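Model, not experiment: these values are computed from the prediction.
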Amino acid sequence: MRTTELVTCPRSVFDWLGPAGVRAVVIRWLRLVAADAELAPYLIGLDRPRLAGRLTAQLASALGGPGGGRAVGGAWRRLGLTDEQHWRVLDYLAAVLCGLGLPVDTIIAAQRAVAGEAHA
């Protein structure tokens, strides 16, 4: 009897999700932030498509995709969020990524990248 070894190809989370998957994560994340009664007022008048684009680029890079995108933690900070509110924004990101079954270290790295390493 012959045994067969399984060959696995290491793939980044970005490869697994793809660009459309990363955009979907960002859309779900922003919906959670917008549904938060305390955070929603900070989004009024904000160019959400632009913010979503910046978040998508940063998150894609953090998940092993092409990239760059500059850290957008400052985008949240410029809204005047308290530290607690900023943490809650990052917690919503973690919730979406956790729902996909991603490893904790990947989720933490994504939070750090989005926060500009200042608050994750």
Side-chain angles (χ1 to χ4, degrees):
M1 178 180 245
R2 198 169 116 180
T3 60
T4 312
E5 291 185 40
L6 295 176
V7 177
T8 59
C9 297
R11 294 174 56 188
S12 70
V13 173
F14 178 81
D15 290 336
W16 179 66
L17 285 173
V22 175
R23 277 191 303 276
V25 166
V26 170
I27 289 168
R28 279 188 237 150
W29 177 27
L30 286 175
R31 284 183 182 156
L32 288 172
V33 172
D36 184 303
E38 190 177 328
L39 297 174
Y42 291 96
L43 299 177
I44 294 172
L46 191 66
D47 184 349
R48 288 191 207 181
R50 182 172 180 230
L51 177 61
R54 290 176 65 199
L55 291 170
T56 299
Q58 187 65 32
L59 187 57
S61 179
L63 297 176
R70 58 189 172 107
V72 292
W76 294 111
R77 284 283 172 208
R78 281 192 293 276
L79 296 177
L81 299 176
T82 65
D83 284 338
E84 180 183 322
Q85 291 167 328
H86 194 259
W87 274 106
R88 197 157 59 232
V89 167
L90 295 174
D91 285 344
Y92 284 131
L93 172 61
V96 174
L97 296 175
C98 187
L100 295 173
L102 298 182
V104 171
D105 58 332
T106 300
I107 294 169
I108 291 170
Q111 286 179 306
R112 285 185 173 151
V114 170
E117 303 235 348
H119 290 89

Inset, instruction - Kindly give the heavy-atom pair with the smallest separation between Leu100 and Trp16, and that separation in Å. - result: O-CH2, 3.7 Å
Inset, instruction - Taking all non-hydrogen atoms of both residues into account, name the closest pair between Ala40 and Ala34 and its distance. - result: CB-O, 3.1 Å
Inset, instruction - Given side-chain contact (heavy atoms from CB on, under 4.5 Å), test Thr106 with Leu97 step by step and report yes or no. - result: CA-CA 9 Å; Thr106 300; Leu97 296 175; over 6 Å; no
Legend entry - Side-chain (Gln58) to main-chain (Ala113) donor-acceptor, under 3.5 angstrom: yes
Inset, instruction - Mark yes or no for whether Trp29, through its side chain, and Leu90, through its backbone, hold a donor-acceptor pair below 3.5 Å. - result: no
Inset, instruction - Considering non-hydrogen atoms only, spot the tightest contact between Ala62 and Ala110 and give its length. - result: CB-CA, 4.1 Å
Inset, instruction - Considering non-hydrogen atoms only, spot the tightest contact between Leu59 and Leu93 and give its length. - result: CD2-CD1, 4.2 Å
Inset, instruction - Would you check if Leu81 and Leu39 make a side-chain contact, meaning some heavy-atom pair closer than 4.5 Å? - result: yes
Legend entry - Least distance between heavy atoms, Arg88 atom then Asp36 atom: NE-OD2, 2.8 Å
Legend entry - Test item: Ser61 side-chain N/O and Ala57 main-chain N/O as donor-acceptor pair under 3.5 Å: no
Legend entry - Connected via hydrophobic side-chain network under 4.5 Å: Ile27 and Val25: no
Legend entry - Atom pair CD/CD1 of Gln111 and Ile108 - distance to nearest 0.5 Å: 7.0 Å
Legend entry - Shortest non-hydrogen contact from Ala60 toward Phe14: CB-CE1, 3.7 Å
